[in-house]
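Note that this is a predicted model, so its numbers are computed, not measured.
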Amino acid sequence: MSSTASANMFTGFTKLCKGLAVVLVCGYIAVQIVPSIVTYVALIPARTIPFGWNLITAGYIEQTIHGVLSSTIGLLFIGKLLEPIWGSREFLKFIFIVNFLTSVCVFITAISLYYVTMQENYLYLPVSGFSGVLSGLLVGVKQIIPDQELSPLQIKAKWLPSIVLLLAIVMSFFVTEPSEFLPVLIFGTYIGWIYLRYFQKKQETGFKGDPSDEFSFSTFFPEFMRPVIDPIASIFDRMLCGRSEASIDGRGYTIGSAPLPGSDPIEATRRRERGARALEERLAIERLNGAGAKSKTDEPERDASENV
């Protein structure tokens with residue numbers, strides 16, 4: 001890869017993602033300067049009442065240098081792909097919803113674990129970071145470009161959320177406080193999928209969600225596990241959405257002749273095609289820019305040889 005192509009890889013970040021990256025960096029700096037801020041802005045279940053704002057602020061506060069670096073880099077690169085396809089408003093809406101609901105789920109889990117184990121560390125452990133939102137954004141990558149191979153990893157994009165969760169679960173056996181990150185990643189991934197599967201509205205069609213088989217819950221698991229996962233997932237689908245009897249036609253979900261608020265499977269395919277096309281166009285532009293820069297550097301050499 002030429003130096004110009006490498007430089008292009010680190011350009012083209014959206015203004016919204018740059019602004020959010022600044023928020024993450026400033027939050028980290030503030031915590032380092034005034035550590036007591038963590039008490040008020042991180043998610044500490046015992047202090048969420050009356051400090052309810054920590055359900056929102058916790059997601060934007062990184063307490064470690066590796067946390068802020070991974071969050072800002074992940075946000076910039078994933079946002080570079082998703083925001084042009086979703087639109088800035090929808091991208092920001094997704095981040096807010098996933099961040100808030102992830103914090104709510106972590107809060108409920110911590111309270112439940114306390115009543116089960118009576119260990120107070122679940123109530124007073126400060127949980128914060130952007131990792132829950134990032135795991136949700138990876139689900140968006142899975143939806144848009146599922147079969148795109150990512151170099152140098154040589155793995156398909158659809159496996160990114162599953163691989164991240166698997167690594168987090170493995171790490172949880174070797175760290176003292178897995179509750180700092182594991183519930184955040186699990187809930188961030190699941191809430192991101194729930195929103196994209198059932199509730200994200202498409203401006204072009206007015207349909208909601210993505211009912212395609214390629215984006216079902218079982219696709220997060222290996223092929224041999226899907227016969228077991230699908231029946232369980234269908235139970236939760238009936239509980240949460242009540243769409244078990246729905247069938248898909250050209251307009252979306254239907255019961256008999258009455259359409260339900262759903263999504264056109266053709267639109268889901270088009271969305272993935274747009275994502276793959278956007279990625280291919282971006283890579284093509286980077287290759288053209290690299291080739292153009294190389295030709296410019298070759299021209300003086302040719303002129304010099306002709307003069308000789």
Side-chain angles (χ1 to χ4, degrees), residues 8-9 11-18 20-21 71 73-99 102 130-165 185 188-221 248 252 262-287:
N8 291 332
M9 183 185 300
T11 59
F13 302 124
T14 66
K15 292 181 180 180
L16 175 59
C17 290
K18 289 178 182 178
L20 290 172
S71 293
I73 293 172
L75 171 63
L76 290 172
F77 280 95
I78 298 175
K80 184 179 178 180
L81 172 65
L82 295 181
E83 187 182 341
I85 298 172
W86 288 355
S88 299
R89 183 176 180 179
E90 177 61 31
F91 186 76
L92 187 60
K93 179 182 177 182
F94 178 87
I95 289 176
F96 178 83
I97 290 174
V98 172
N99 175 56
T102 297
F130 201 67
S131 57
V133 176
L134 282 183
S135 61
L137 290 173
L138 286 179
V139 179
V141 175
K142 169 187 173 69
Q143 180 193 39
I144 297 297
I145 50 170
D147 296 318
Q148 181 70 42
E149 286 194 354
L150 305 176
S151 56
L153 301 177
Q154 295 300 315
I155 59 173
K156 291 185 177 181
K158 63 182 179 182
W159 293 116
L160 286 178
S162 304
I163 291 173
V164 169
L165 286 182
L185 290 173
T189 301
Y190 188 61
I191 291 169
W193 176 79
I194 286 287
Y195 178 76
L196 294 175
R197 178 73 168 174
Y198 299 109
F199 301 107
Q200 187 185 53
K201 187 175 182 179
K202 309 302 177 294
Q203 298 298 326
E204 316 89 69
T205 62
F207 292 123
K208 290 183 178 181
D210 180 355
S212 62
D213 293 337
E214 295 80 6
F215 196 56
S216 64
F217 184 71
S218 61
T219 60
F220 287 86
F221 299 85
I248 298 174
S263 173
D264 188 349
I266 298 176
E267 170 57 26
T269 302
R270 289 173 180 170
R271 182 168 55 252
R272 285 190 289 272
E273 290 175 351
R274 286 198 301 272
R277 188 162 56 248
L279 182 61
E280 290 173 358
E281 289 174 356
R282 185 174 297 118
L283 294 174
I285 291 172
E286 292 177 355
R287 286 195 295 268

Item checked: Val164 and Thr189, any side-chain heavy atoms less than 4.5 Å apart -> no
Item checked: Nearest atoms (heavy-atom pairs only) where Asp210 meets Ser212 -> OD1-OG, 2.7 Å
Notebook entry, point to check: Does NZ or CZ of Lys142 lie under 6.0 Å from the centre of the six-membered ring of Phe220, at an angle within 45° of the ring axis?
Noted result: yes
Checklist line | Atom pair CG (Leu196) and CZ (Phe94), whose distance is rounded to the nearest 0.5 Å | finding: 4.5 Å
Margin query: So, using ring pair (Phe, Tyr, Trp, His ring centres under 6.0 Å) as the criterion, who are the partners of Phe221 when residues are at least two apart?
Written below: Phe217
Next item on the list: Would you give the length of the straight line joining atom CD1 of Ile97 to atom CD1 of Ile194, rounded to the nearest 0.5 angstrom?
Entry: 12.5 Å
Check: Hey, what do you get for CH2 (Trp159) to OG1 (Thr219), rounding to the nearest 0.5 Å?
Finding: 7.5 Å
Check: If only atom types and distance count, is the side chain of Arg197 paired as donor or acceptor with the main-chain N or O of Gly192 below 3.5 Å?
Finding: no
Note to self: Testing the basics here: between Pro161 and Ala157, what is the closest heavy-atom pair and its distance to 0.1 Å?
What the structure shows: CD-O, 3.9 Å
Item checked: Whether Trp193 and Phe215 hold their rings parallel, tilted or perpendicular, with breakpoints at 30° and 60° -> tilted
Next item on the list: Give every residue pair that meets the salt bridge (charged side-chain N to carboxylate O under 4.0 Å, His left out) criterion with at least one member in residues 145-159, sequence neighbours excluded.
Entry: Asp147-Lys158
Margin query: Please report the interatomic distance CG(Leu20) to NZ(Lys15), rounded to the nearest 0.5 Å.
Written below: 14.5 Å
Check: Quick one: CG on Leu137 to CD on Gln143, what's the gap to the nearest 0.5 Å?
Finding: 12.0 Å
Margin query: Is the positively charged end of Lys80 above the ring of Phe13, judged by distance under 6.0 angstrom from the centroid and angle within 45° of the axis?
Written below: yes
Check: Distance from Cys17 atom SG to Leu82 atom CG, nearest 0.5 Å?
Finding: 8.5 Å
Checklist line | Any residue meeting side chain to side chain contact (heavy atoms under 4.5 Å, CB included) with Ser218, in chain and number order, not counting sequence neighbours | finding: Ser216, Arg226, Ile229, Asp230
Notebook entry, point to check: For Ser71 and Phe130, which heavy atoms make the closest approach, and how far apart are they?
Noted result: OG-CB, 3.5 Å
Checklist line | Check: Val139 and Tyr195 side chains under 4.5 Å, non-hydrogen atoms | finding: no
Next item on the list: Start with the C-alpha distance between Thr102 and Val133, add both sets of side-chain angles, then the distance that settles side-chain contact (heavy atoms from CB on, under 4.5 Å), and finish with yes or no.
Entry: CA-CA 8 Å; Thr102 297; Val133 176; over 6 Å; no
